[in-house]
Structures are given as C-alpha cells and as structure tokens.
Amino acid sequence: MTKFADLNLSPKVLKAIDEAGYETPTPIQAGAIPHALEGRDVLGIAQTGTGKTASFTLPMITMLARGRARARMPRSLVLCPTRELAAQVAENFDTYAKHVKLTKALLIGGVSFKEQEALIDKGVDVLIATPGRLLDHFERGKLILSDVKVMVVDEADRMLDMGFIPDIERIFGLTPFTRQTLFFSATMAAEIERITNTFLSNPARIEVARQATASETIEQSVVMIKATRRDRADSEKRAVLRAVIDGEGERLTNAIIFCNRKVDVDIVAKSLKKYGYDAAPIHGDLDQSQRTRTLDGFRNGELKILVASDVAARGLDVPSVSHVINFDVPGHAEDYVHRIGRTGRAGREGKAVTLCNTRDEKNLEDVEHLIQKEIPLAENPIQQEAAPEAETQEEAPKKSSRSRSRSKKPDQPQKQENKAPEAPKPAAEPVKSEEPSKPRDKSRDSRDRDRGGKRDNVVGMGDHMPSFIAMSFEDRRAG
Ligand code: AMP
C-alpha cells in the first residue's frame with residue numbers, strides 16, 4: 001500500500017499530515033500527488049469525501065515552498081464554485097501548510113473588497129476564489145494573473161450547474177499558457193470534457209470511483225410515505241421525519257437533512273425546532289454571516305441537525321456526519337450521490353435515509369437507475385393507513401404504515417407491471433447492510449396494493465381456470 005512518505009512530498013508537509021492524523025493516502029491522493037509534483041496537468045474524477053482537496057493542496061504546498069509571490073501577482077489559483085467550499089479549501093491550506101511559510105487570500109462574496117485588496121497587494125502564494133469575485137477584482141485592475149504557475153478548478157461539474165463555465169474559460173485565458181492545471185470533477189459531462197480538452201495539456205487522468213457511485217460505507221434506505229390526505233402530505237412527511245430521527249436514537253450524533261426547495265428548508269428547520277430538536281437551516285438566501293455561524297456551529301458539534309438545500313451544502317466537508325436524511329428525493333439524480341456523500345466520508349460508516357412520497361417516486365426511479373441499485377426499503381415508522389380522517393399526523397403520529405408503491409426496478413421494462421403475479425425476483429445487490437430493509441416481496445405486495453389491485457382477486461386464473469375457457473369455439477359448438 002502506498003504511504004505518504006512514498007509520494008515525494010516535502011518533510012514539512014509530511015509532518016502536518018502526520019499531525020492531522022492521516023495514516024495512508026486515499027486513492028485520489030496516491031494517484032494525483034506524484035503527477036502533480038512532476039508538474040503534469042491532472043484530471044481528477046472524484047467526488048467530495050474522497051480526500052481530493054488534499055490531493056491538490058499537498059503538492060501545491062510542496063511546490064510553492066520554493067519562491068515568493070510578488071505584489072498583486074498570485075503564484076497559484078484555486079477556483080471553487082461556492083463560498084463555503086472556498087473557505088474549506090482555505091482551511092485545508094492552513095492545516096497542511098502550518099510548518100511552511102505561505103501567504104494566501106480568500107476572495108469570496110460577502111467580504112469587503114478593501115480587505116481582500118490589501119492582501120493581494122502584499123503578494124499571495126495561493127489565491128482561493130469563487131469565479132465571479134475573482135473576475136470582479138481583475139476588472140478593478142487590482143489583480144494580475146500572469147504569474148500563476150498552478151491553477152486548480154475544483155468541483156467543475158458544480159461550476160457547470162451554476163453557470164460558471166464561461167467565467168472559468170475566461171480565467172483560463174488570463175493565466176499563462178505554461179501554467180500547470182489540476183482539474184477536479186465528480187462527473188464528466190460533455191461540456192466538462194470539452195473544457196478539459198481545450199485547457200489541459202496531456203493530463204494524468206485519475207478516476208477513483210465510478211461515475212455516480214455512492215460510497216460503500218453508506219447504509220442507504222428509503223421510507224415510502226403515502227399521505228392520508230393531500231393537504232396533510234407535508235405535515236405528515238415532517239412527522240415521519242421526526243419518527244425517523246427518533247428511531248435512530250443515539251446512533252444519530254449529527255445529521256444533514258436535505259430539502260429540494262429553500263422554502264422547505266425553512267419550514268422543516270422551524271418545525272423541528274418547535275418539536276424540541278436542535279436544528280437550523282442553511283440556504284442561499286440567508287446572509288453570509290448567518291450561514292457561517294450555522295456551519296461553524298454544526299462543524300464544532302454545537303448544532304446537531306443542519307437542514308440544507310443542495311446549493312448551500314455543495315462540497316461541505318463535515319467529517320463526522322452520522323446521518324443524511326433526504327426530506328425529498330432530489331430532482332437531479334446526481335444530487336442524491338452528492339447528498340449522501342456528506343456521510344460515510346473517508347471510509348467512515350454513515351447512514352442515508354430517504355423519504356419518498358407519491359410525488360417523489362419518479363425521482364426515486366431516476367436515482368436508482370443512476371446508481372444501478374435498488375435502495376433497500378425501511379419500515380415507515382408511522383402507521384398511516386389506519387389514520388382516521390380527522391387527525392393530522394402532527395397530532396397523532398403513530399399510525400399504520402404504507403410502504404413502497406414504486407413500480408419497477410431500474411433495469412426492468414415498465415411493461416412487466418401488467419403481468420400476472422410471479423415469484424418475486426431476487427433483490428438487487430444490497431447496498432450495504434440488510435438491517436433496515438424489508439424483504440422484496442413485501443414491497444411487491446404493497447406495489448400491487450397501491451396500484452389499486454387486491455392481490456387475491458385479480459389477474460390470470462392460475463390453477464383455477466374454468467375448463468370451458470380452455471375449449472376451442474369449434475369444440476363448444478360441437479358440444
Ligand atoms: P475531501 O474529499 O477533500 O472533502 O476530504 C474528505 C475528508 O477526508 C476531509 O475531512 C479530510 O480531512 C479527510 N481526509 C483527507 N485525506 C485523508 C487521509 N489520507 N486519511 C484520512 N482522512 C483524510
């Protein structure tokens with residue numbers, strides 16, 4: 001197995017790694033660091049949680065230890081899609097460069113230009129920035145990019161989602177042709193492929209996980225929810241959420257709950273607080289100081305439950321999240337992989353529970369199609385079927401369960417639904433633990449039930465076919 005000491009990193013960096021408690025390099029680190037130190041361009045296909053940040057910061061620190069920055073001319077540039085991710089990368093530099101003298105500046109929105117300009121004026125070795133803010137500084141004439149020796153693009157697929165690709169292309173054009181480029185993306189969309197073909201020169205390509213694979217250390221499950229009434233769907237879902245949290249008990253040390261819409265982030269956080277849970281929201285509409293406060297609280301363990309939107313949580317590194325709960329199944333299947341990647345990071349165990357109501361079922365199919373696995377079904381902790389009409393779940397949560405009504409396995413043609421019952425097919429390969437899942441034939445039962453059929457009185461005649469049906473018309477006339 002590769003050791004950090006085999007990677008040609010400087011002794012001061014190795015010391016910092018040792019102090020951080022890392023024993024062995026992760027696969028992206030073992031793959032990317034030697035090439036980066038040789039000065040080659042690197043194309044790293046890796047999702048967050050794989051240790052990719054250190055795979056570019058460690059060689060950068062080693063390389064930048066020689067030489068000094070001139071005023072307004074940073075020697076390296078790291079581009080990140082969000083402020084939080086940029087701040088996180090900056091923290092990584094602080095950790096790994098603690099025995100090396102390096103200057104850095106963080107250029108993100110929500111911080112005054114003046115402060116940032118003062119830093120740039122002094123000269124910085126590492127400039128970490130979101131693309132928009134970087135170009136703002138450039139346009140103010142305060143920044144010269146012609147001395148950039150190493151440029152990192154982190155989370156390029158997120159940049160694409162957020163519409164930053166034109167900015168990235170422009171920034172590439174402002175840096176010297178001879179720069180070294182370290183480029184990271186979780187997936188390789190066609191547009192990302194185009195950018196790498198245009199701006200990277202013969203890169204070492206390191207792919208550490210298959211596209212859209214979830215970490216094997218994450219135990220995944222899905223809880224099917226069927227509302228008793230349409231106007232109660234949301235409050236009933238929140239009741240299921242509370243029951244899931246309660247059911248995890250002490251195993252849930254901290255959790256991120258994802259909602260598809262910002263408005264739900266606020267509602268869910270508020271509702272949890274009302275019920276006495278330690279929860280706070282984070283999404284793009286909150287001001288920066290509030291976001292930072294919430295995140296810091298969550299990181300240092302003062303806040304137990306973070307309710308988040310996808311954009312706000314993008315690339316967040318919170319190493320020890322025990323649970324991810326998807327309050328909704330994400331509309332973009334890839335976000336599922338990103339979301340659950342907040343837990344089970346760097347080889348730790350984690351649990352991801354997804355709530356799925358009727359509206360979410362199509363999204364769930366897409367997710368399962370993408371990850372090529374059926375997510376094991378967990379019991380709905382609230383029994384809904386028997387809920388009397390007059391009660392809301394918020395008031396009377398312990399009712400009967402309605403489970404999975406999903407229609408097909410990802411690789412099965414839709415048509416199979418119309419067939420007569422047959423022996424249940426073996427379950428798809430289990431994602432990890434079998435513990436929270438229900439047997440497949442149970443889900444099959446509920447599927448049939450939810451399609452409106454009763455298993456006992458439908459479909460085909462089996463052994464009980466009346467004999468006249470088997471006779472041909474000729475026979476009957478003759479008889
Ligand atoms: P990243 O993918 O860069 O967001 O890193 C995910 C987490 O893994 C971070 O909390 C890092 O501190 C941690 N990490 C990075 N490299 C290693 C390593 N070699 N061993 C253990 N943990 C690591």
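As the structure lists them, so they are numbered: ligands from 1, and atoms in each ligand from 1. No hydrogens, no waters, no symmetry mates; every other heavy atom, side chains included, goes into these values.
Taking distance alone, with nitrogen or oxygen atoms compared against 3.5 Å, T50 approaches ligand 1 more closely than that limit. At least one N or O atom of K52 sits closer than 3.5 Å to an N or O atom of ligand 1. Between F4 and ligand 1, a contact under 3.5 Å exists for no N or O pair.
Between D264 and K237 there is no salt bridge, since no side-chain nitrogen of the basic residue lies less than 4.0 Å from a carboxylate oxygen of the acidic one. Ion pairing between a basic and an acidic side chain is recognised when a charged N comes within 4.0 Å of a carboxylate O; R194 and E191 show such pairing. Salt bridge D328/R359: absent, no basic N to carboxylate O contact under 4.0 Å.
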Please report, to 0.1 Å, the donor-acceptor pairs under 3.5 Å made by any side chain of residues 100-107, with sequence neighbours excluded.
| unit_1 | atom_1 | unit_2 | atom_2 | d |
| --- | --- | --- | --- | --- |
| T103 | OG1 | G123 | O | 3.4 |
| T103 | OG1 | D125 | N | 3.1 |
| T103 | OG1 | D125 | OD2 | 3.1 |
| K104 | NZ | D94 | OD1 | 3.0 |

Scan the side chains in residues 142-152 for donor-acceptor partners under 3.5 Å anywhere in the protein, sequence neighbours excluded, and list what turns up.
| unit_1 | atom_1 | unit_2 | atom_2 | d |
| --- | --- | --- | --- | --- |
| D147 | OD1 | K149 | NZ | 2.7 |
| K149 | NZ | D147 | O | 3.4 |

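By the criterion of a heavy-atom distance under 4.0 Å, the backbone of T24, and not its side chain, is placed next to ligand 1. When heavy-atom distances to ligand 1 are checked against a 4.0 Å cut-off, E23 has no atom that comes that close, whether in backbone or side chain.
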Might you work through the side chain to side chain contact (heavy atoms under 4.5 Å, CB included) test for L43 and M188, ending with a clear yes or no? CA-CA 10 Å; L43 171 58; M188 288 300 288; 4.0 Å; yes
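Near T53, meaning under 4.0 Å from any of its heavy atoms, are these atoms of ligand 1: 1 (P), 3 (O), 4 (O).
For atom 16 (N) of ligand 1, the nearest non-hydrogen atom from the set Q29, Q88, E91 comes from Q29.
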